[in-house]
Amino acid sequence: MALPDKFLKPYDPSAVEGPIYKKWEDSGYFNPDNLPKQDGEPFSIVLPPPNVTGTLHMGHAAMLAVEDIIVRFERMQGKKVLWIPGTDSAAIATQSKVEKEMEKKEGLSRKDVGREGLLERIDVFVKESESIILNQLKRMGSSLDWSRYAYTMDPPRYKAVMEAFVRMYNAGLIYRGNRIVNWDPKGQTTISDDETVYEERDTTLYTFKYAPDFPIAVATTRPETKLGDTAVAVHPQDARYMGYIGQTFEVPFAGTTLTIAIVADESVDPTFGTGALGVTPAHSQQDWDIAQKNNLPLVQVINEYARMTDAAGPAMAGKKVLEAREAVVEWLREQGLLIKEEKIKQNVSTAERTGAVIEPLPKLQWWVDVNKPIKERGGKSLKDLMREAVQSGATTITPERFEKIYFHWIENLRDWCISRQIWFGHRIPVWYRGEELKVQANSPGAGWEQDPDTLDTWFSSGLWTFSTLGWPEQTADLKIYHPTELLETGYDILFFWVARMILMSQFLLGRVPFKNVYLHGLVRDHKGRKMSKSVGNIIDPLDMIDRYGADATRLSLIMGAAPGNDIKLDENRVRGYKNFSNKVWNIARYVLSQERAGGIKQDLKDEFDALARDVTADLRAYRIYLAGEKLYHYLWDRFAAQIIEESKGKPEYGGTLYYILEGALKLLHPFMPFITEEIWSSVPGASSNNKLGLIMVEEWPVR
RNA sequence: GGGCGCUUAGCUCAGUUGGUAGAGCAACCCGUUUACACCGGGUAGGUCGCAGGUUCGAGUCCUGCAGCGCCCACCA
């Protein structure tokens, strides 16, 4: 047997991966419409669209490895497999990145260039970033159907977003309301509850009285907000304070005058602190609720720039929040009103993107009502629809423990603030003319002004499983491929994305967006730290691919990685799987140097077939890490170390060796697509079901 | 404050429905007789966090405890 020259050298991934990906792409088989077998059942999955803010990291690589393994496995099972690629505009993240660069390089702010100017710059940035990302997706070997590529801001997706907003508005699920929002003073926009993150900080709790003759002391960590107090709330059964309920006091306070009503509210804990709560309706969610119930006036003393307003009085107006805090404390001290200062730890709400401390402010914004009964859905609310999707088993989550987390999140869910004061994103399809308001995608005509705000980026992401298939058009793709079979993503975006997709699909289509959710863990460094630029512990997937090959990189990210568990990655691990690649290469080298002679030994065939069934069952159940390990050990410890050794000098083993090699290459192909394709092209006499002889669409060894 | 997870060989972790403890990396010894030194052969290393319970039998199920981590939450 003449062994091809390439087998005389160790396996060199960098030489073969590019041409092989090209061969796959040219074959057209990434597109299910071109598959050799057209009567298979459909299998669809969307790629969680990477943000167009930068480049792919190891987390993306892990996601791509898992998804490509499943996709290739299903394709070889003869299914009509569709894996849709895409990218996400990531509104806030992208705009702030471009703004930062503009500021740094040109010294310009968004006000200098205006809305149109900024959007043009973002467009240029997005184009560049997009081409880098698409190239990276290909380098990983991802068998994505590029003919169906989608971007959250492209015209079909834009149209879907407008349609979704209008339908939800018409169903009464979207409303405009003045409420306390999470205001990000750095990003200059509102954000949703999920975009905030608590940080524990040391702070001081001040206990004080508003005035010497004021009967009740209260405590606060934010004395500057007390300039906006309009009431003191006490528990209705609290004997100490019952007598004051209903009274109103007018007191001078740090250069202004406060009017404080004493009100009763069940939510006040009489055992905490002084048992009384200074109510600041404009700057606290809880206080806002109390104010609503008791008809208290609202005094906004902090503005969007985290400075004091005129309502805070002439002494304080214009001061930064922290300056005002010191000034108020100083005043209290001077007046002898400060009773106690204690150091405490407090959870401060911060903006996930910018890190700024959230300033709760009352603002007129657009909201999604999650509790309102929906006529078209049998009186169920969005919350009900989200809960039902998983409770009924229509959608399952792997690992299962996340189902509990999901339900718990729904219980705590409040209305979703969807309007953002940034320019990049899907513009809210609402038009104003004087007091009139119209909700529609396009301008109703002259004299109408569109709402200046854009939508939360997760609003559009929520439509992803069906907007990518052509919705709201009733396309063939939508009929065939929705609901999608699987949604594979990191557990960190379960609420942001997975839950929002369920919400949107349940309401707009009346069905779940996917049957299974597979949540992978986060990729961390070898010490378990998050990879980040500032720590300098980032491992670049392209770097690993250059050095060890895409196949080795993929294996390092899925082996021993149970769903939902974080992966600790170090370079040694990738190197180890490079060695395995070479092992596979040499197995092939040896077998291909033998003649395909003699029959197939029954016991060895049975043993291999059992492995194949085992691996198949694991893949069906998404136990990818187990399937991979079994193949690894069979090939190295059993096939190479024992069967091949035993066969040496015995030509009658030839048929058996070929039988195992061919089967093993197929089983291994989803995990290591490049090397298996490369070897397959050199296996003489391998049967083929496609004119190009690609293993990628070969038939899986067992049913 | 509520919930969830983890704790198995020096390190990173498997262990799918309970049936005599596993892998990779690292360490040590030996080996270059033709698939592979990106290799082969071998050695050493664990009371499976602690304490109870169920069982003929528990790393695997139940209870309690400890340490670590994560998520959620309007305690001023």
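The structure displayed is predicted, hence computed values, not measured ones. Here is how names work: the chains are called A, B, and so on, in the same order as the sequence lines, proteins then strands, and each is numbered from 1. All heavy atoms count here, side chains included; hydrogens, waters and symmetry mates do not.
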Exercise for review: Select base, sugar-phosphate, or nothing to describe what A:Asp570 touches, counting heavy atoms under 4.0 Å on all strands.
Suggested key: nothing
Review point. If you look at every strand shown and take non-hydrogen atoms under 4.0 Å, does A:Lys568 touch a base, only sugar-phosphate, or nothing?
Key: sugar-phosphate
Exercise for review: Find the partner of B:G49: check Watson-Crick (N1-N3 plus N6-O4 or O6-N4) and G-U wobble (N1-O2, O6-N3) distances, both under 3.5 Å, and reply none if neither fits.
Suggested key: B:C65
Review point. Hey, does A:Gln286 reach any base, or is it just sugar-phosphate, or nothing, if we go heavy atoms under 4.0 Å?
Key: base
Check your understanding: With a non-hydrogen cut-off below 4.0 angstrom, is A:Asp287 in contact with a base, only sugar-phosphate, or nothing?
Key -> nothing
Revision key, fill the gap. Quick note, A:Asn579 side chain, CB onward, closest among B:C38, B:C75, B:C36 is B:C38
Point to revise | Pair assignment for B:G24, Watson-Crick or G-U wobble, requiring both distances under 3.5 Å | key: B:C11
Exercise for review: Any strand is fair game: report the nucleotide pairing with B:U54 by Watson-Crick or G-U wobble, both distances under 3.5 Å, or none.
Suggested key: none
Check your understanding: How is A:Gln346 classified with respect to the nucleic acid when contacts are heavy atoms under 4.0 Å: base, sugar-phosphate, or nothing?
Key -> sugar-phosphate
Review point. How far, in whole Å, is B:G22 from B:G46 if one measures between their P atoms?
Key: 14 Å
**Study point:** Residue among A:Tyr518, A:Phe402, A:Tyr622 satisfying side chain to side chain contact (heavy atoms under 4.5 Å, CB included) with A:Pro563
**Key:** A:Tyr518
Check your understanding: For A:Asn572, which contact category applies under a 4.0 Å heavy-atom criterion: base, sugar-phosphate, or nothing?
Key -> sugar-phosphate
**Study point:** Separation between the C1' atoms of B:A14 and B:A21, rounded to whole Å
**Key:** 12 Å
**Study point:** Aromatic plane relationship, A:Tyr577 with A:Tyr632 - under 30° parallel, 30 to 60° tilted, over 60° perpendicular
**Key:** perpendicular
Review point. Going by atom types alone, do A:Thr396 and A:Asn516 pair a side-chain donor with an acceptor below 3.5 Å?
Key: yes
Revision key, fill the gap. Rounded to the nearest 0.5 Å, the CG atom of A:Asp415 sits from the CG atom of A:Asn371 at a distance of 6.0 Å
Review point. How about A:Phe214 and A:Phe249: are their ring centroids closer than 6.0 Å?
Key: yes
Review point. How is A:Phe402 classified with respect to the nucleic acid when contacts are heavy atoms under 4.0 Å: base, sugar-phosphate, or nothing?
Key: nothing
Check your understanding: Is the Lys NZ or Arg CZ of A:Lys226 less than 6.0 Å from the centre of A:Phe253's six-membered ring, within 45° of the axis?
Key -> no
Exercise for review: Could you give the distance separating B:C74 and B:G67 at their C1' atoms, to the nearest angstrom?
Suggested key: 31 Å
Point to revise | Contact nearer the 5' end of RNA chain B, comparing A:Trp636 with A:Asn565 | key: A:Asn565
Review point. Nearest to the side chain of A:Arg401, which nucleotide is it out of B:A76, B:A14, B:C4?
Key: B:C4
Check your understanding: How close or far is atom C1' of B:G24 from atom CG of A:Leu569, stated in whole angstroms?
Key -> 13 Å
Practice item. Identify the nucleotide, in any strand shown, that forms a Watson-Crick or G-U wobble pair with B:C39, with both distances under 3.5 Å; if there is none, say none. Key: B:G31
**Study point:** B:G10 and B:C4, which share atom name P, separated by this distance in whole Å
**Key:** 32 Å
Check your understanding: What nucleic acid atoms does A:Lys9 come within less than 4.0 Å of, heavy atoms only: base, sugar-phosphate, or nothing?
Key -> nothing
**Study point:** Whole-Å C1' distance, B:G45 and B:U63
**Key:** 33 Å
**Study point:** Phosphate-side-chain proximity, A:Tyr406 and B:C4, N/O vs OP1/OP2 below 4.0 Å
**Key:** no
Point to revise | Sugar-phosphate, base or nothing in reach of A:Ala617, heavy atoms under 4.0 Å | key: nothing
Check your understanding: What does A:Arg620 touch in the nucleic acid at a heavy-atom separation under 4.0 angstrom: a base, only the sugar-phosphate, or nothing?
Key -> nothing
Check your understanding: Mapping A:Tyr632 and A:Val268 onto RNA chain B by nearest heavy atom, which one lands closer to the 5' end?
Key -> A:Tyr632
Exercise for review: Using only heavy-atom distances, decide whether a donor-acceptor pair under 3.5 angstrom links the side-chain of A:Lys404 to the base of B:C4.
Suggested key: no
